[in-house]
Amino acid sequence: MSLSIRKLGEHLAAEVQGIDLASPIEDSVFDQIRKAFYQHTVLVFRGQEIDDDQQIEFSKRFGPLEPTMVNDPSGGGGWISRLSNVDDEGHILPASHKKMLYLKGNVLWHSDSSYKKVPSRGALLYAEEVPPEGGETEYASMKAAYASLPDEKKNTLEDLVAEHSLLHSRNKITPGVMDQKFKDEVPPVPQRLIRELPETGEKTLFLGAHASHIIGWPFERGSALLDELLEWTTQPQFIYKHSWKQKDLVLWDNRCSLHRGRPWNAENYRRVMRRTTLLGDGPTV
Ligand code: OGA
Ligand code: MN
């Protein structure tokens with residue numbers, strides 16, 4: 001079987017064809033996938049029939065996994081986050097359900113786990129069931145957004161550190177959704193605003209919904225800068241929009257891209273996704 005890689009967006013995303021993720025993958029083939037991942041930031045694999053264990057196995061080839069948070073309504077301390085509007089009996093959850101309120105935060109542009117001291121390297125999301133319309137996921141390249149900034153601007157950003165917190169992003173959309181135990185699990189953390197990707201030496205912006213302000217600056221000034229950079233990063237030319245089909249697996253690099261989930265008619269249509277998350281190398285500060 002020969003692998004083919006077809007670009008999907010101008011600055012990010014490619015589809016990988018000619019691979020069955022349920023079968024053993026030779027190292028030489030996996031190396032091509034890894035290279036494509038670092039080159040394209042988002043990789044799409046369509047028509048994959050994989051269960052939880054096969055997803056975990058494939059994910060681990062990229063490096064160690066990040067466990068879900070104990071207090072996360074879609075996690076619970078295992079290797080899989082279940083982003084689903086369906087309960088264990090197969091009924092659609094009401095919009096007021098705690099899990100739905102918590103998942104609502106995903107509509108904001110974010111990088112997974114940027115609120116953890118060691119932010120995630122990447123994530124793999126598999127579509128078990130998808131709605132007939134809506135529910136797409138959009139990805140924006142923080143790497144391309146950085147590269148297109150004027151040099152003087154890049155220089156002013158170089159050494160800045162932002163504070164990231166899950167409470168900050170959840171308060172923007174569903175205040176009160178985190179109880180005290182959950183807040184204690186994820187205290188605010190510092191993250192460099194400009195990161196370097198070790199595999200390629202490229203630099204990237206690092207921001208998103210969890211980033212509240214710049215450490216050492218007046219709050220309003222820092223949040224205004226983060227808003228400005230977010231607007232820059234999410235311009236149409238830096239975006240790839242993924243319209244899900246059942247059995248799609250999408251892999252993305254959380255270090256140099258943002259993503260957000262788009263709404264769908266969640267009261268009527270099921271959307272059942274499962275995610276594995278790649279552990280980052282270490283703190284950015
Ligand atoms: C995620 C996420 C958005 C979506 O899995 O990390 O943000 O569209 N998903 O489900
Ligand atoms: Mn996410």
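Here the structure is a predicted model, which means the values were calculated and not measured. In each ligand, atom 1 is the first atom listed, and ligand 1 is the first ligand listed. Below, each value reflects all heavy atoms present in this structure, side chains not excepted, and no hydrogens, waters or symmetry copies.
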Could you enumerate the protein N, O or S atoms under 2.8 Å from the Mn ion (ligand 2), written like residue then atom name?
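Only His110 NE2, Asp112 OD1, His259 NE2 fall inside 2.8 Å of the Mn ion (ligand 2).
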Check: Arg271 main-chain N/O paired with Asn85 side-chain donor or acceptor under 3.5 Å:
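Yes, because the side chain of Asn85 sits within donor-acceptor range (under 3.5 Å) of the backbone of Arg271.
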Side-chain hydrophobic cluster, 4.5 Å single linkage: members besides Val285
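Grouped by the 4.5 Å side-chain rule, Val161, Ile215 form the rest of the cluster around Val285.
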Any side-chain heavy atom of Ser84 within less than 4.5 Å of one from Arg274?
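Ser84 does not reach Arg274 side chain to side chain.
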Counting C-beta onward and ignoring hydrogens, is there a side-chain heavy-atom pair between Glu158 and Lys203 closer than 4.5 Å?
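Yes, side chains in contact.
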Show me the short polar-atom pairs for ligand 1: any N or O of it lying under 3.5 Å from a protein N or O, with distances only.
{"from": "ligand 1", "atom 1": "6 (O)", "to": "Asp112", "atom 2": "OD1", "distance (Å)": "3.0"}
{"from": "ligand 1", "atom 1": "6 (O)", "to": "Asp112", "atom 2": "OD2", "distance (Å)": "3.4"}
{"from": "ligand 1", "atom 1": "6 (O)", "to": "His259", "atom 2": "NE2", "distance (Å)": "3.3"}
{"from": "ligand 1", "atom 1": "6 (O)", "to": "Arg275", "atom 2": "NH1", "distance (Å)": "2.6"}
{"from": "ligand 1", "atom 1": "7 (O)", "to": "His110", "atom 2": "NE2", "distance (Å)": "3.1"}
{"from": "ligand 1", "atom 1": "7 (O)", "to": "His259", "atom 2": "NE2", "distance (Å)": "3.1"}
{"from": "ligand 1", "atom 1": "8 (O)", "to": "Thr137", "atom 2": "OG1", "distance (Å)": "2.6"}
{"from": "ligand 1", "atom 1": "8 (O)", "to": "Arg271", "atom 2": "NH2", "distance (Å)": "2.9"}
{"from": "ligand 1", "atom 1": "10 (O)", "to": "Arg271", "atom 2": "NH1", "distance (Å)": "2.8"}
{"from": "ligand 1", "atom 1": "10 (O)", "to": "Arg271", "atom 2": "NH2", "distance (Å)": "3.3"}

Which residues pass the ring pair (Phe, Tyr, Trp, His ring centres under 6.0 Å) test with Tyr146, sequence neighbours left out?
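For Tyr146 there are no ring pair (Phe, Tyr, Trp, His ring centres under 6.0 Å) partners, ignoring immediate neighbours.
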Run the salt bridge (Lys or Arg N to Asp or Glu O under 4.0 Å) check on Arg270 and Glu128 step by step: do they pass?
CA-CA 10 Å; Arg270 300 156 66 94; Glu128 291 182 8; over 6 Å; no
Within this structure, what is the CG-CG distance for the pair Leu225 and Leu230, rounded to the nearest 0.5 Å?
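The CG atom of Leu225 sits 11.0 Å away from the CG atom of Leu230.
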What orientation do Tyr139 and Tyr240 show, parallel under 30°, tilted 30 to 60°, or perpendicular over 60°?
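The arrangement is parallel - the two ring planes meet at less than 30°.
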Measure centre to centre between the rings of Phe58 and Tyr126, then say whether the value is under 6.0 Å.
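Aromatic pair excluded; centres sit 6.0 Å or further apart.
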